[in-house]
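Within every chain, numbering begins at 1; the chains are lettered A, B, ... in the order of the sequence lines, protein sequences first and strands thereafter. Nothing here was measured: the structure is a model prediction, and the numbers come from that model.
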There are 2 protein chains.
Amino acid sequence: MASRAKATILDIAREAGVSKSTVSLVLQGSGLIRPETATKVRKAIEDVGYVYNRGAANLRKAHSNVIGMVINDLTNPFFAELAVGMERVFQAAGVVPFIANTAENPVRQEEVLKSLMEQGVAGLIVSPARGTSPGTFRRIETAGVPIVFTMRRLPDSRIPVIAPDNHRGAVLAAEHLIRRGHRRLAFFGGSSDLVVYQERLGGFLEACETLGIPAPDRLIVEGETNRKGGMACLETAFAVPQPPTAALCFNDAVAFGVMLALRKRGLEAGADFAVVGFDDVAEAEHYSPALTSVAVDTAGLGERAAHVMLKMIQSRTTRAENHIGAVSLVVRESSGPDRNSQVGDAA
Amino acid sequence: MASRAKATILDIAREAGVSKSTVSLVLQGSGLIRPETATKVRKAIEDVGYVYNRGAANLRKAHSNVIGMVINDLTNPFFAELAVGMERVFQAAGVVPFIANTAENPVRQEEVLKSLMEQGVAGLIVSPARGTSPGTFRRIETAGVPIVFTMRRLPDSRIPVIAPDNHRGAVLAAEHLIRRGHRRLAFFGGSSDLVVYQERLGGFLEACETLGIPAPDRLIVEGETNRKGGMACLETAFAVPQPPTAALCFNDAVAFGVMLALRKRGLEAGADFAVVGFDDVAEAEHYSPALTSVAVDTAGLGERAAHVMLKMIQSRTTRAENHIGAVSLVVRESSGPDRNSQVGDAA
DNA sequence: CGCTATAAATGGAACGTTCCAATAAATCAA
DNA sequence: TTGATTTATTGGAACGTTCCATTTATAGCG
């Protein structure tokens, strides 16, 4: 049953008894064609089983209708939520997003970007992998293809960024812990080569500073940004002479890992050790105990990024404003008061 | 900085002082070109910032190097794990997988498939959305583009399927529950329009049959295949006169929902009600209590699907064998014995 | 030296669209 | 009727590659 040679616009022109130009016009939904002719052509398309060759079309057209979404870790549900938000917007605009996973690997990322560019994408939405080299996006920029970073940014690039207010989120979270009476605080997970890390850690430190937690009482443990990393962080923290009683985690995945490690030690998050996450993925609410986390309006950021991208494509510019999304702390069960402190507030 | 007109193969030919054919040969890594010439050309490519136009190339070449991965629910970590397995294989073969999400929506699926076809994919790996109409893949088949289904299949299509042994997995799980002394069993989540559902439910019923659980003691509750659906299932089940004491869930997401609903009622999975999931996603092991689940070797199935696809492309056939992957039951904490039964085995 | 064999490089015709300029047909005004 | 205007349709030249058939340069051999 393998088909004969693929049908082209000429085949269906012959079939319908019109010229290829007419067929092309029908395909583009032009109003110049007499309705009867159009239906005749559409029938031929159906009969022949023709499939439009967008590659050929793009050879002539200025812009393609596909944009690339390059994501550093698809297994993190956070990014899936982000992707869902974007897709809604793109679908409405007749743009097709192709998602590619870099698995946090800069080499893989280069390959993926190259492929996407070769495919002629109209734009790129990227959450860059860790260790992305500064020059990675140079050539894409000079090719005039619009790029938007989401969630993550590169140290000194001028590419627009759509991200949550990481600093503010971390301040809120740290203040919350301190108000609950905790005096020895930790920051768990992430590594200093990520700008996001610097922002979140910066907020954490600032809150400590203003609310009077001295440097010796602050413990910073870098680590992988997943469950495993979180577990390792907690072990490290409990090995120091004066362990912390609460931790702000780089993201929710790390927080889940911390809670798991706690349970392995027979301790309970909230009662024995306070933990706060970042991102507020769907799972946070359902976890046990439910995870206190910094909500970043993931889907909203995704939609925002998509809108910015569409506008850039439309106005054929490679510049756009950054967008820093508002954040809020969602207090749940995992961040109980310090048990040895009288200062903890009730709720 | 917006670039001038895109550089083409001719521009770099001029720059390097060779013909376009030579450049093309270099691009393809042909051995016919003198090494010095090749480096000269490569330098020109670098200088000019040329990007290869794969669309134009595909106009002449038989096959493209991109395959489409169409997935019904990217937010289910199970599919992310599956995608990761495939990517490993494709990357090694120089094939670029583009992932598209259908969000379990047949209309969206049609759009996505159309786009992918127009883009000229060499093949399609699909986990079809619920309610996919039988004709959806007809035209793709007749176009000669190889398709592989993963995890799900369509009622009577002849498209090859790579999936776990759902029937066997369900039998193992149900037997396990019955051996633990449970006598009133439920099957939670999913709906009968999915073939996978029929297979898993079929296994469940068969085990009940052979181990002597009569029909009145079997409760079947259909529902969404996510946490929310699982929660709803448990509520429904507890509303009947003689509620079940154990449940096999359509997948892990449903199982997590069930455990959550149990906790809301002050009950604990394992001690008060046994729950078994299906898929054994990474999270199952880390959950609290850890979830007993049917492991399906997700990444392995992904790799398998990718290999089958590559072979189909290579041999330009649209036919291939089905592959039913082995399954195993991973017993953890969530499936304790029936507390009112003397028959439960220890461990 | 001439001749052939091999190696390296090249021109030109596709590939399947779009879009402009041109044509053909239908309508209208005078 | 004729010419002007509008409405539908059409041919042909791009677009950026590949690949075949050639051409040109280089080497090998007697």
Side-chain angles (χ1 to χ4, degrees), chain A residues 3-42 44-45 48-66 114-115 117-122 143, chain B residues 3-42 44-45 48-66 114-115 117-122 143:
Chain A
S3 70
R4 355 245 110 272
K6 281 187 204 321
T8 82
I9 214 182
L10 280 107
D11 296 316
I12 85 132
R14 194 176 319 114
E15 179 85 6
V18 298
S19 79
K20 62 176 172 38
S21 304
T22 304
V23 177
S24 176
L25 260 357
V26 171
L27 251 16
Q28 299 169 70
S30 161
L32 293 177
I33 303 294
R34 201 155 43 107
E36 321 157 37
T37 312
T39 42
K40 194 171 55 179
V41 169
R42 270 189 267 273
I45 288 178
V48 177
Y50 163 80
V51 342
Y52 182 72
N53 184 333
R54 207 168 279 276
N58 285 343
L59 220 43
R60 291 276 322 184
K61 295 225 286 229
H63 270 308
S64 83
N65 75 141
V66 357
K114 181 150 171 275
S115 260
M117 286 298 288
E118 291 181 357
Q119 224 61 233
V121 292
Chain B
S3 70
R4 350 249 112 271
K6 282 186 202 323
T8 82
I9 215 183
L10 279 107
D11 296 316
I12 88 131
R14 196 178 317 117
E15 179 85 7
V18 298
S19 79
K20 63 175 172 40
S21 304
T22 305
V23 177
S24 176
L25 261 356
V26 172
L27 251 15
Q28 299 170 70
S30 161
L32 292 176
I33 302 295
R34 199 154 45 106
E36 322 158 35
T37 313
T39 42
K40 194 172 54 179
V41 168
R42 271 188 266 272
I45 288 178
V48 176
Y50 163 80
V51 341
Y52 183 72
N53 184 334
R54 208 169 278 275
N58 285 343
L59 220 42
R60 292 277 324 185
K61 295 224 285 229
H63 271 308
S64 84
N65 76 140
V66 358
K114 180 150 170 275
S115 258
M117 286 298 289
E118 290 181 358
Q119 224 61 231
V121 293

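Between A:I45 and A:L27 there is a side-chain heavy-atom pair separated by less than 4.5 Å. Counting heavy atoms from C-beta outward, B:N53 and A:L59 have side chains that approach closer than 4.5 Å.
Between C:dG16, D:dG11, D:dT18, one nucleotide has an atom nearer to the side chain of A:S21 than all others, and that is D:dG11.
Residue A:T22 places at least one side-chain N or O closer than 4.0 Å to OP1 or OP2 of D:dT10. Here B:T37 reaches the OP1 or OP2 of C:dA9: one of its side-chain N or O atoms lies under 4.0 Å away. For C:dT10, the OP1/OP2 oxygens have a side-chain nitrogen or oxygen of B:S19 closer than 4.0 Å.
Here the P atom of nucleotide D:dT17 and the CZ atom of B:R54 are 11 Å apart, to the nearest Å. Taking atom NZ of residue A:K6 and atom P of nucleotide C:dT17, one finds them 11 Å apart after rounding to whole Å. Straight-line distance from the CG atom of A:N53 to the P atom of C:dA14: 18 Å, rounded to whole Å. As a whole-Å value, the separation of A:Y52 OH from C:dT17 C1' is 7 Å. We find that CD of A:E118 is positioned 12 Å from C1' of D:dT17, with the value rounded to whole Å. Per the geometry, CG belonging to B:L25 stands 13 Å off C1' belonging to C:dG11, to the nearest Å. Whole-Å rounding puts the B:Q28 CD to D:dC19 P distance at 6 Å. In this entry the distance linking CD1 of B:I33 with C1' of C:dA9 reads 6 Å, nearest Å.
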Worksheet item: Step by step, would you call A:V41 with A:L25 a side-chain contact (heavy atoms from CB on, under 4.5 Å)?
Response: CA-CA 10 Å; A:V41 169; A:L25 260 357; over 6 Å; no
Practice prompt. Go through the steps to decide whether B:V66 and A:Q119 satisfy the test side-chain contact (heavy atoms from CB on, under 4.5 Å), and finish with yes or no.
Written response: CA-CA 9 Å; B:V66 358; A:Q119 224 61 233; 3.6 Å; yes
Worksheet item: Run the side-chain contact (heavy atoms from CB on, under 4.5 Å) check on A:V26 and A:T37 step by step: do they pass?
Response: CA-CA 9 Å; A:V26 171; A:T37 312; 5.7 Å; no
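Along DNA chain C, the nucleotide closest to B:V18 and the one closest to B:R60 are compared, and the more 5′ of them pairs with B:V18. A residue-by-residue look at A:R34 and A:K20 shows that A:R34 has its nearest nucleotide of DNA chain D further toward the 5' end.
Contact annotation for B:S24: base contact, defined as any heavy-atom pair under 4.0 Å involving a base atom.
Side chain of A:D11 to backbone of A:T8: a donor-acceptor contact under 3.5 angstrom is found.
A distance of 10.0 Å separates CZ of A:R42 from CD1 of A:I12, quoted to the nearest 0.5 Å. The structure places CG of A:L32 at 10.5 Å from CD of A:Q28, a figure rounded to the nearest 0.5 Å.
Direction of the helix axis in the helix from C:dC1-D:dG30 to C:dA30-D:dT1 shifts by 50° between the two five-pair termini, rounded to 10°.
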Provide a list of protein-nucleic acid N or O atom pairs under 3.5 angstrom, restricted to nucleotides 26-28 of chain D.
none

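Residues B:S24 and B:S21 have side chains that never bring a donor and an acceptor to within less than 3.5 angstrom of each other.
Taking a 6.0 Å sphere around NZ of A:K114, one finds it holds 12 or fewer heavy atoms contributed by other residues, nucleotides or ligands.
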